[in-house]
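So that the names make sense, note that chain A is the first sequence line, chain B the second, and so on, each numbered from 1.
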Number of protein chains: 2
Amino acid sequence: MVVARTARERARVEITAEILAAARAQLGEVGPSQLSLRAVAREVGMVSSAVYRYFASRDELLTALIIAAYDELGAAAEAAEEAVEDRTDHLARWMATCRATREWAISHPHDYALIYGSPVPGYAAPQDTVMPATRVIVRLVEIIVAAHGSGTAAESTQPPATAADPSGVVADAMAFIAERSDVDLEALPELVMRTLMVWSAIFGTLSFELFGHLKGSVSDYEGYFEQTVLRLAGDLGLAE
Amino acid sequence: MVVARTARERARVEITAEILAAARAQLGEVGPSQLSLRAVAREVGMVSSAVYRYFASRDELLTALIIAAYDELGAAAEAAEEAVEDRTDHLARWMATCRATREWAISHPHDYALIYGSPVPGYAAPQDTVMPATRVIVRLVEIIVAAHGSGTAAESTQPPATAADPSGVVADAMAFIAERSDVDLEALPELVMRTLMVWSAIFGTLSFELFGHLKGSVSDYEGYFEQTVLRLAGDLGLAE
DNA sequence: CGCATTGCAAGAGCAGTGCTCTCATTTGTT
DNA sequence: AACAAATGAGAGCACTGCTCTTGCAATGCG
């Protein structure tokens, strides 16, 4: 972050933050595709054209909101995970992370839809979003790695005999993990495969709940989520 | 379906279909939230206000598109499943259904986003959509039930010892299945739980792929999907 | 200090949107 | 033939994202 020197620069970052805050507030009410740049401008007492001094387009504003949402979700998940005192209780850390993710999602449904719903059309996620986007999964991977490194974890659920070796399809993920972790996962492609599956399953479950696809199938959403992530932990060898 | 009698009624159903077709064509290019009722009207050579004689609102048009999309996806999945000749090869039927689902999704990304992405804001799915929405999962359940009924299926993956009985949270799903199937699943709440999980996992995986969340983690999407649904089948006892 | 440069907000305007209302015409029924 | 209902066109309202011009105020420099 560049330190604001002149009054002008200081005002700029302040107003930028103000616009972003107003946009976040509006997002809490109407959903991404209804977010109106003009309404945001009115909120902060500007005329719409003035906003374009701070955000080149509506898409750029949305991008900033996406980053903010990823960061907020990541921070919430990390905080909950770090609040688990017994660091050797990997299952507790796992559950805490998952629970915090769901709690953030249901209390910020529009932000969740913004980042995990359908991307706004014609929109390609800029590079700035990938780092904050990985915070939750990185934390989950850390827990899995710690559990398997400590020897307290069982082997993850075995694939069917007919399944091919997953090394090829998860090569990118293994490289990604190898970059920011000193654990050697090269011998565990099956675990990486399972981790990716579990990651998709968690957010698939949340999306189904939030987007209404579980209506008529599940009566107790919280209980269902709890049971789900517990079984997913079991599939990864985190719970017995 | 009511048989069209008068010329007016005949024209009405024809024009309605024309509008829907134009809307579907436009949806193939721009994505749900960009779908313009005026543009659709221009396409069929009408003025925008005339379209309102056929669809009360843009949302109602979208609802019709949602139903059409669900039905098309369901039909594609069912056709692929029925093309499997060996009806006792439950794994083949499973894989065919899943593959067809993915193939439809990637060849109709906007339709997929319409039904499995974030719901359009302020939009509550009307009752008309729930029946077509269940076609794929109903087919999957049939396969699972057939496999477990024939005794060729292994037990599904066991939950961790600490997991509570899932009967409560999946009661609605059990009732739903009991309604349209003569198989007694009452003794198999764990299987129903796993089925729901797998269902969420499949569409979570597809959403992650289509919405770009697997970029940087998976290099071979088709191979990854294949490996995923094979393992999910294993979790349900469909593959060994 | 004075001046030129730069940053910024406002306003008008363009092309587009969903939707409503009125009006004339066509179609179907009695 | 007379009436009623259905239909399409057009104008219009309130809104959107975005651009361009204009005037003002803060800034940096000689």
Side-chain angles (χ1 to χ4, degrees), chain A residues 2-20 22-23 25-27 29-66 110 114 119-124, chain B residues 2-20 22-23 25-27 29-66 110 114 119-124:
Chain A
V2 179
V3 178
R5 268 177 242 284
T6 75
R8 206 166 234 173
E9 279 168 10
R10 186 189 308 241
R12 179 160 244 285
V13 310
E14 240 173 60
I15 295 179
T16 305
E18 239 177 273
I19 294 173
L20 217 77
Q26 218 208 343
L27 186 62
E29 294 171 355
V30 295
S33 70
Q34 304 280 20
L35 190 136
S36 158
L37 203 144
R38 287 178 115 110
V40 171
R42 277 193 295 272
E43 194 66 29
V44 298
M46 288 206 261
V47 83
S48 75
S49 60
V51 178
Y52 284 85
R53 299 274 172 192
Y54 300 89
F55 296 94
S57 67
R58 187 175 168 278
D59 269 12
E60 198 172 296
L61 217 191
L62 278 178
T63 299
L65 289 177
I66 287 173
H110 292 123
L114 179 64
V120 301
Y123 172 84
Chain B
V2 179
V3 177
R5 267 178 245 282
T6 76
R8 203 166 237 175
E9 280 170 9
R10 186 189 306 243
R12 181 160 243 286
V13 308
E14 241 173 59
I15 294 178
T16 306
E18 239 176 274
I19 294 174
L20 217 78
Q26 219 207 345
L27 187 62
E29 292 171 357
V30 295
S33 70
Q34 304 280 17
L35 189 137
S36 158
L37 203 144
R38 286 178 117 110
V40 171
R42 277 194 295 273
E43 192 67 30
V44 298
M46 289 205 259
V47 83
S48 76
S49 61
V51 178
Y52 284 85
R53 301 280 177 195
Y54 300 89
F55 295 94
S57 69
R58 187 175 168 278
D59 269 13
E60 198 172 294
L61 218 191
L62 278 179
T63 299
L65 289 177
I66 287 173
H110 292 123
L114 179 63
V120 303
Y123 172 85

Atom-to-atom span, [atom1] of [X] to [atom2] of [N] - whole angstrom:
{"X": "Y52(A)", "N": "dG7(C)", "atom1": "OH", "atom2": "P", "value": "20 Å"}
{"X": "Y54(B)", "N": "dG8(D)", "atom1": "OH", "atom2": "C1'", "value": "8 Å"}
{"X": "I15(B)", "N": "dA9(D)", "atom1": "CD1", "atom2": "C1'", "value": "14 Å"}
{"X": "R53(B)", "N": "dA24(C)", "atom1": "CZ", "atom2": "C1'", "value": "12 Å"}
{"X": "L37(A)", "N": "dT19(D)", "atom1": "CG", "atom2": "C1'", "value": "13 Å"}
{"X": "R10(A)", "N": "dG7(C)", "atom1": "CZ", "atom2": "P", "value": "19 Å"}
{"X": "L35(B)", "N": "dG18(C)", "atom1": "CG", "atom2": "P", "value": "8 Å"}
{"X": "Q26(B)", "N": "dG16(C)", "atom1": "CD", "atom2": "P", "value": "13 Å"}

Looking only at heavy atoms, which two atoms of A22(B) and V44(B) are closest? And how far apart?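 A22(B) and V44(B) have their closest heavy atoms at CB-CG1, 3.7 Å.
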
Nearest of [options] to any side-chain atom of [X]?
{"X": "R58(B)", "options": "dA10(C), dT7(D), dC19(C)", "answer": "dC19(C)"}
{"X": "R38(B)", "options": "dT17(C), dC20(D), dT16(D)", "answer": "dT17(C)"}
{"X": "A50(A)", "options": "dC19(C), dA9(C), dC8(C)", "answer": "dA9(C)"}

So what does S48(A) touch, heavy atoms closer than 4.0 Å: a base, only the sugar-phosphate, or nothing?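 S48(A): base contact, heavy atoms under 4.0 Å.
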
Note, H110(B) side chain near L35(B) side chain (heavy atom, < 4.5 Å):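 Counting from C-beta outward, H110(B) and L35(B) never come under 4.5 Å.
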
With side chains defined as the heavy atoms from C-beta onward, is the minimum distance between F55(B) and L20(B) less than 4.5 Å?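 Yes, at least one pair of side-chain atoms sits under 4.5 Å.
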
I need the R53(B) CZ to S49(B) OG distance, nearest 0.5 Å.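 It is 7.5 Å, given to the nearest 0.5 Å.
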
Does any N or O donor sit under 3.5 Å from an N or O acceptor when you compare the side chain of S36(A) with the base of dG17(D)?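 No, no donor-acceptor pair under 3.5 Å.
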
What about S49(B): does its side chain form a donor-acceptor pair under 3.5 Å with the base of dG10(D)?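 Indeed there is one.
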
Given DNA chain D, 5'-ward residue of the pair R8(B) and G45(B), judged by closest heavy atom: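 Taking each residue's closest nucleotide, the earlier one in sequence belongs to R8(B).
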
Among L37(B), I15(B), T16(B), which residue meets the side chain to side chain contact (heavy atoms under 4.5 Å, CB included) test with V51(B)?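 Output: one option passes, namely L37(B).
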
